[in-house]
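Here, residue 1 is the first one in the sequence, and each next residue gets the next number.
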Amino acid sequence: MSDTATPGAAELRIDAPHRELLDQVLDKWSLSVLNELCERPCRFNELRRAIPAVTQKSLTATLRRLERNGIVERHVVATRPVAVEYRITPLGKTLRAPVDVLLEWADAHMAQIEHARRAFDDEVEWPPGRHRTVRPGVACHSQTVPSLSRSMYQ
């Protein structure tokens with residue numbers, strides 16, 4: 001991609017292990033889970049209440065992926081009945097800076113991205129083979145992104 005490459009910059013390569021990790025750490029629910037855990041350790045049902053849109057199955061899978069990657073740890077609390085808490089690991093805390101950079105980039109470029117989306121949608125049948133119907137006042141590409149607290153991962 002010589003037309004977009006910065007002279008002297010290394011080639012951007014995203015190998016399979018990196019892609020897999022990024023997919024698992026930056027998936028639909030991981031940032032929401034990490035945002036909740038940044039405040040304090042939480043039990044499973046606390047996380048479910050804090051993120052009402054996530055299903056039990058999705059939350060379980062997200063926590064397992066984050067635990068497998070060393071981002072979150074599962075801590076068994078010796079109570080009756082036995083309780084399990086999830087908390088961010090020291091490795092997980094190091095995600096704060098790169099996540100902040102991605103969010104700042106998104107904030108800085110969101111107007112351009114929305115413009116590009118509208119231009120694309122105006123030129124392309126959406127979905128292919130069918131025209132897209134948009135209700136007045138409804139954004140077609142908006143997605144609620146969790147507002148990450150400034151204390152995240154501290």
Please give me the minimum heavy-atom distance between Gln24 and Leu66, naming the atom from each residue.
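For Gln24 and Leu66, the tightest heavy-atom pair comes out as O-CD2, 4.4 Å.
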Side chains of Ser30 and Asp27 only: does a donor on one sit below 3.5 Å from an acceptor on the other?
yes
Is it true that [X] and [Y] make a salt bridge, defined as a side-chain N closer than 4.0 Å to a carboxylate O?
X	Y	result
Arg19	Asp15	no
Glu85	Arg87	yes
Glu46	Arg40	yes
Arg117	Asp121	no

Evaluate the side-chain proximity of [Y] to [X]: yes if any heavy-atom separation is below 4.5 Å, no if none is.
X	Y	answer
Glu67	Glu73	no
Thr94	Leu91	yes
Val84	Arg43	no
Leu95	Val25	yes
Thr89	Lys93	no
Leu37	Cys42	yes
Leu63	Phe44	yes

Once rounded to the nearest 0.5 Å, what's the spacing between atom CD1 of Ile51 and atom CG of Asn35?
8.0 Å
Report the distance from atom CZ of Arg65 to atom CG of Leu21, rounding to the nearest 0.5 Å.
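Rounded to the nearest 0.5 Å, the CZ-CG separation comes out at 11.5 Å.
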Group every Ile, Leu, Val, Met, Phe, Trp and Tyr by side-chain heavy-atom contacts under 4.5 Å, then state whether Leu31 and Met110 land in the same group.
no
Check whether Leu22 and Leu103 end up in the same hydrophobic cluster, where Ile, Leu, Val, Met, Phe, Trp and Tyr are linked by side-chain heavy atoms less than 4.5 Å apart.
yes
Crowded around Arg68 CZ? As in, over 12 foreign heavy atoms under 6.0 Å?
no
